[in-house]
Each structure stands twice: as structure tokens, then as C-alpha cells.
Amino acid sequence: MKMANETGLEGLIYLQAPQPFSLSETIGYLSRSANECLFHVESGRVYRLIEVGGERVVVEISGHDTTVNIRCHSDNPLTSSVRDAVAGHVWEWFDFDRDLPPFYEQMEYCPWMKEVARAYYGLRIVSVVDLFEALCWAIMGQQINLTFAYMLKRRFVESFGVQQQWAGRNYWLFPRPEAIAQLHVDDLLGLQFTRRKAEYVLAVARRMAEGSLSKHGLLRTGDFQAARRELIKIRGIGPWTANYVLMRCLRDPSAFPVEDVGLQNAVKATRGMDRKPSIAELREMAVGWAGWEAYATFYLWRSLYQTVGG
DNA sequence: AACCAGGCTGCTA
DNA sequence: TAGCAGCATGGT
């Protein structure tokens, strides 16, 4: 991983953000749900508990578009290796490796998408760094409204996750596959998982716990298509879920969850259609996005809700 | 109260 | 191979 000008002093890390980058748009995206249980936004700052190198650190993110400040709160003094790992985590979280100008150049040829691209200029895909979290979140979100999906996630996290307090507030780490692998379907039915979703999540947890499924393994060849095929072989992971995970976790900029109802509704609203586009129509509309489908999708999702800004 | 929701599986033809 | 019923449950 390449990191630009990362320096640190005690618990403070400065990341020089690649340009363009908009921290306020990013925070706007992170503010989309009041029901989010894994991080929160307060006074324009993002707070989240992460675990890197065996160390648990509450990161507090502030700053501006050119420099992102990460204040680290931990029980132990930060070693340089943990500091590097925190910096790397945030770097990936905000997709700082991406060279974004080609995306905007390409969107200029799509009359309606270029407006969306301009509206959220500097927004980068906020990734879900942990593969297990990304898979579970996608499975939980299948065919239900987002409000209910957030509730399912909260119950799952608060039942089986790792809790830590800082400054009088509870923070949670997403449950580990090893913990979930030991559960039974019945343990999740009480959280209002459907039987199917419970089966899917447990099977994914067991694969990850035994090591037959991992982020590194999926990315090993660098072939996103191969990763997609491997994911779709798993029961409960269909095209939408595979593409969602490729987009949010494996960071394939061409991943395209075309089956996504939210995306369809965003296109309908953006283009003033009187109905949702069919999947075939959406594919046709997206031919000009080639290579950047994930970014176009993310921007369209962003257009679905309004925030007061960072 | 019907219809929708960030789909997937497994059965039919 | 393609089409589709059934799933299961909360939100609006």
C-alpha cells in the first residue's frame, strides 16, 4: 500500500489526502443513518473503534479536504506499527488509492451522470474494510428496507460483537467469524433474521473461520471476475451481493450491482422517469460508465438522501 | 391494508 | 437456460 506523507506524533496522524477529496461529502455519506451502530458522526467528526495489529483504537477523524487528521484513543501508547496500521485502515476506508480524475472525465460524456458527479465532487467510495462485515451486511440487507437492515445489524453487533467504552460512550467491533461460526440458526432467529439469512451468515462465518474464505484469498490473483465467481458459488450470495462486496470491500471500481433497488430508484429520480428502469435498461444507460460503474452507483446512492453537510 | 424493500434459492417447462 | 413462485419480515 502506498501512503503519502504520513507523519505522526503520539496519538495524532495526519494523512495527506489524494485530490480531489471532499471530507464533508464523505462525512455526509457517513451520516446517512441514525441507526448505524459501528460509527457515529458528531460535530463534523467521525468516531469509530477499529482493531489493528491486535490493538483496539478509537479513531476520531477530522480535518479538511487536503489533510485528514486521525486522533487515536487507545489504552496503550501507540507503537509506530500500530500507527501505520491505523493510517492504512483509514486510507483504505476512504479509497485513497483511487485515481479519481479519470472518473470525472468519463462522466462528462454522460449528460445526466455528470451532474451527479459534480454535485458530490470529491466523494470517494466509503469502503467496508472487513470482509465478514461486508458479507453479513449485504446478506442482512437482501430484500428488506434499510431501516430494518440497520436494526438487524445493530442486534447482531450488540449480541455478538466486541464492546469497548471510551469517553463515556459504547463502541463496537463487528463480530468475528470465529464467534458466529459457533452459533446455531436458532440464535439468530430471535434477532429477527429469517431462517435463510441465518443459514447464510453462519455458513459464511464457518468458511471464514476455517480459512477457506478470506479477503486476501479473494484478492490473491487480482482478478475481480474470479473473485465474483468464487463468491457467487456460496449459497446465499447472488449477483447483487457479490457485486456489492466487490464494490464496498474488494474495491473493484467496475463492480456494478445493477439489481439494486436503491440504484434503480436513484436513476428514476435523477432522470425524472415515471417508473424504475429495468435491469436491461440500466445496463444500457451504463455503457458509458465502463470501468467506473461502482463509483457511478455510489454517487447515485448518495443522491438518494440529503444531509445538512459536514 | 396492500405494496415495497440495497435478492436468493430451487423448482418447472 | 430462462422464468418465476416462495420466502419471511418490518416499513410506509
Side-chain angles (χ1 to χ4, degrees), chain A residues 28-38 116 120 123 125-128 131-156 158-159 174 185-205 207 213 228-252 255-270 273-283 285-286 289 293-307:
Chain A
Y29 177 81
L30 291 171
S31 307
R32 72 193 180 286
S33 174
N35 299 317
E36 174 62 58
C37 59
L38 293 175
V116 179
Y120 307 109
L123 176 65
I125 291 181
V126 177
S127 77
V128 179
L131 175 64
F132 187 54
E133 179 190 334
L135 282 166
C136 290
W137 173 233
I139 290 169
M140 288 179 204
Q142 289 170 3
Q143 185 58 20
I144 59 173
N145 63 74
L146 272 180
T147 304
F148 184 41
Y150 276 109
M151 189 177 70
L152 284 180
K153 181 168 87 163
R154 175 181 293 278
R155 288 178 179 160
F156 187 71
E158 294 184 352
S159 297
F174 197 78
V185 168
D186 292 349
D187 297 320
L188 296 181
L189 296 184
L191 310 186
Q192 287 178 292
F193 278 60
T194 63
R195 183 168 294 276
R196 287 255 173 88
K197 287 186 181 179
E199 290 169 1
Y200 300 161
V201 165
L202 290 184
V204 165
R207 282 175 187 256
L213 174 64
R228 186 194 329 273
R229 285 193 299 272
E230 195 168 334
L231 283 170
I232 288 179
K233 282 182 194 164
I234 299 171
R235 183 165 177 267
I237 300 180
W240 176 83
T241 303
N243 281 317
Y244 183 91
V245 169
L246 280 161
M247 171 184 169
R248 294 298 301 281
C249 180
L250 304 182
R251 295 188 301 152
D252 172 6
F256 190 26
V258 68
E259 307 84 355
D260 187 86
V261 176
L263 172 64
Q264 293 162 11
N265 282 327
V267 170
K268 174 187 171 185
T270 300
M273 300 170 68
D274 59 359
R275 58 173 177 80
K276 290 183 294 188
S278 69
I279 287 174
E281 288 170 333
L282 201 42
R283 283 222 164 84
M285 293 177 197
W289 305 350
E293 291 89 341
Y295 259 85
T297 297
F298 197 73
Y299 272 57
L300 283 162
W301 283 348
R302 177 67 181 83
S303 76
L304 279 172
Y305 50 86
Q306 307 299 324
T307 58

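The chains referred to below are lettered A, B, ... by the order of the sequence lines, with proteins before strands, and numbering in each begins at 1.
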- [ ] Rounded to the nearest angstrom, tell me the gap between atom CE in A:M140 and atom C1' in C:dT9.
- [x] 15 Å
Open item on the list: Could you tell me how far apart A:L263 (CG) and B:dG7 (P) are, to the nearest whole angstrom?
Closed with: 11 Å
Open item on the list: Looking at A:I237, is its backbone amide N or carbonyl O close enough to the side chain of A:Y200 to form a donor-acceptor pair, meaning the two atoms are under 3.5 Å apart?
Closed with: no
Task: Pairwise P distance for C:dA8 and B:dA1, with rounding to whole Å - done: 24 Å
Task: A:Y29 six-ring centre to A:R32 NZ/CZ under 6.0 Å and within 45° of normal - done: yes
Open item on the list: Of the listed nucleotides (B:dC8, C:dT9, C:dA8), which one gets closest to any side-chain atom of A:F148?
Closed with: C:dT9
TODO: Please identify each residue that fulfils ring pair (Phe, Tyr, Trp, His ring centres under 6.0 Å) with A:F174, with sequence neighbours left out.
DONE: A:F132, A:F156
Task: Those residues that, when tested against A:E230, pass salt bridge (charged side-chain N to carboxylate O under 4.0 Å, His left out) (two or more places apart) - done: none
TODO: Under 3.5 Å for both distances, Watson-Crick or G-U wobble, that's the pair rule; now give the dot-bracket for DNA chain C, with | marking pairs to another strand and [ ] for crossing ones.
DONE: |||||||.||||
Could you pull out the protein-nucleic contacts involving nucleotides 2-5 of chain B (nitrogen or oxygen on both sides, under 3.5 Å)?
{"unit_1": "B:dA5", "atom_1": "OP1", "unit_2": "A:N265", "atom_2": "ND2", "d": "3.2"}
{"unit_1": "B:dA5", "atom_1": "OP2", "unit_2": "A:K276", "atom_2": "NZ", "d": "3.2"}
{"unit_1": "B:dA5", "atom_1": "O3'", "unit_2": "A:I144", "atom_2": "O", "d": "3.2"}
{"unit_1": "B:dA5", "atom_1": "N7", "unit_2": "A:Q143", "atom_2": "NE2", "d": "3.0"}
{"unit_1": "B:dA5", "atom_1": "N3", "unit_2": "A:Q143", "atom_2": "O", "d": "3.4"}

Task: From C:dA8, C:dG11, B:dG7, nucleotide with atom closest to A:T147 side chain - done: C:dG11
Task: Contacts of A:M151 that satisfy side-chain contact (heavy atoms from CB on, under 4.5 Å) - sequence neighbours left out - done: A:F148, A:R155, A:Q192
TODO: To the nearest Å, give me how far apart NZ (A:K233) and P (B:dT9) are.
DONE: 14 Å
- [ ] Please work out if A:Y200 contacts a base, only the sugar-phosphate, or nothing of the nucleic acid, heavy-atom cut-off 4.0 Å.
- [x] sugar-phosphate
Open item on the list: The criterion is side-chain contact (heavy atoms from CB on, under 4.5 Å); which residues satisfy it with A:V128, sequence neighbours excluded?
Closed with: A:E133, A:A134, A:R248
Open item on the list: Treating A:Y299 as the side-chain partner and A:L123 as the backbone partner, does any N or O pair qualify as donor plus acceptor under 3.5 Å?
Closed with: yes
TODO: Rounded to the nearest angstrom, tell me the gap between atom CD in A:E259 and atom C1' in B:dT9.
DONE: 15 Å
Open item on the list: Whole angstroms only, please: what is the CD-C1' distance between A:E199 and C:dA8?
Closed with: 12 Å
- [ ] Round to a whole Å and report the spacing from CD of A:Q142 to C1' of B:dT9.
- [x] 10 Å
- [ ] Could you check whether A:P239 gets within reach of a base, just the sugar-phosphate, or nothing at all, counting any heavy atom under 4.0 Å?
- [x] sugar-phosphate
- [ ] Take atom CZ of A:R155 and atom P of C:dT9, then tell me their distance rounded to the nearest Å.
- [x] 12 Å
Open item on the list: Counting the atoms with a prime plus P, OP1 and OP2 as sugar-phosphate, which does A:I139 contact under 4.0 Å by heavy atoms, base, sugar-phosphate, or nothing?
Closed with: nothing
Task: Gap in Å between the two P atoms, one belonging to C:dG11 and one to B:dC8, rounded - done: 22 Å
Open item on the list: With a cut-off of less than 4.0 Å, is there a side-chain N or O of A:R235 near OP1 or OP2 of B:dG10?
Closed with: yes
Open item on the list: Distance check needed: C:dG11 P versus A:Y150 OH, whole Å only.
Closed with: 15 Å
- [ ] With sequence neighbours left out, write down each residue that passes ring pair (Phe, Tyr, Trp, His ring centres under 6.0 Å) with A:F256, or none if nothing qualifies.
- [x] A:W289
Open item on the list: Give me each pair satisfying side-chain hydrogen bond (donor to acceptor under 3.5 Å, both in side chains) with a member in residues 232-243 of chain A, each pair once, sequence neighbours excluded.
Closed with: A:Q142-A:T241, A:E199-A:R235, A:R228-A:N243, A:W240-A:D260
TODO: Could you tell me whether A:L189 contacts a base, only the sugar-phosphate backbone, or nothing, with contacts defined as non-hydrogen atoms closer than 4.0 Å?
DONE: nothing
Open item on the list: Run the salt bridge (charged side-chain N to carboxylate O under 4.0 Å, His left out) test against A:R283 and tell me which residues pass, sequence neighbours left out.
Closed with: none
- [ ] Report the residue (A:G236 or A:R248) whose heavy-atom-nearest nucleotide on DNA chain B is the more 5′ of the two.
- [x] A:R248
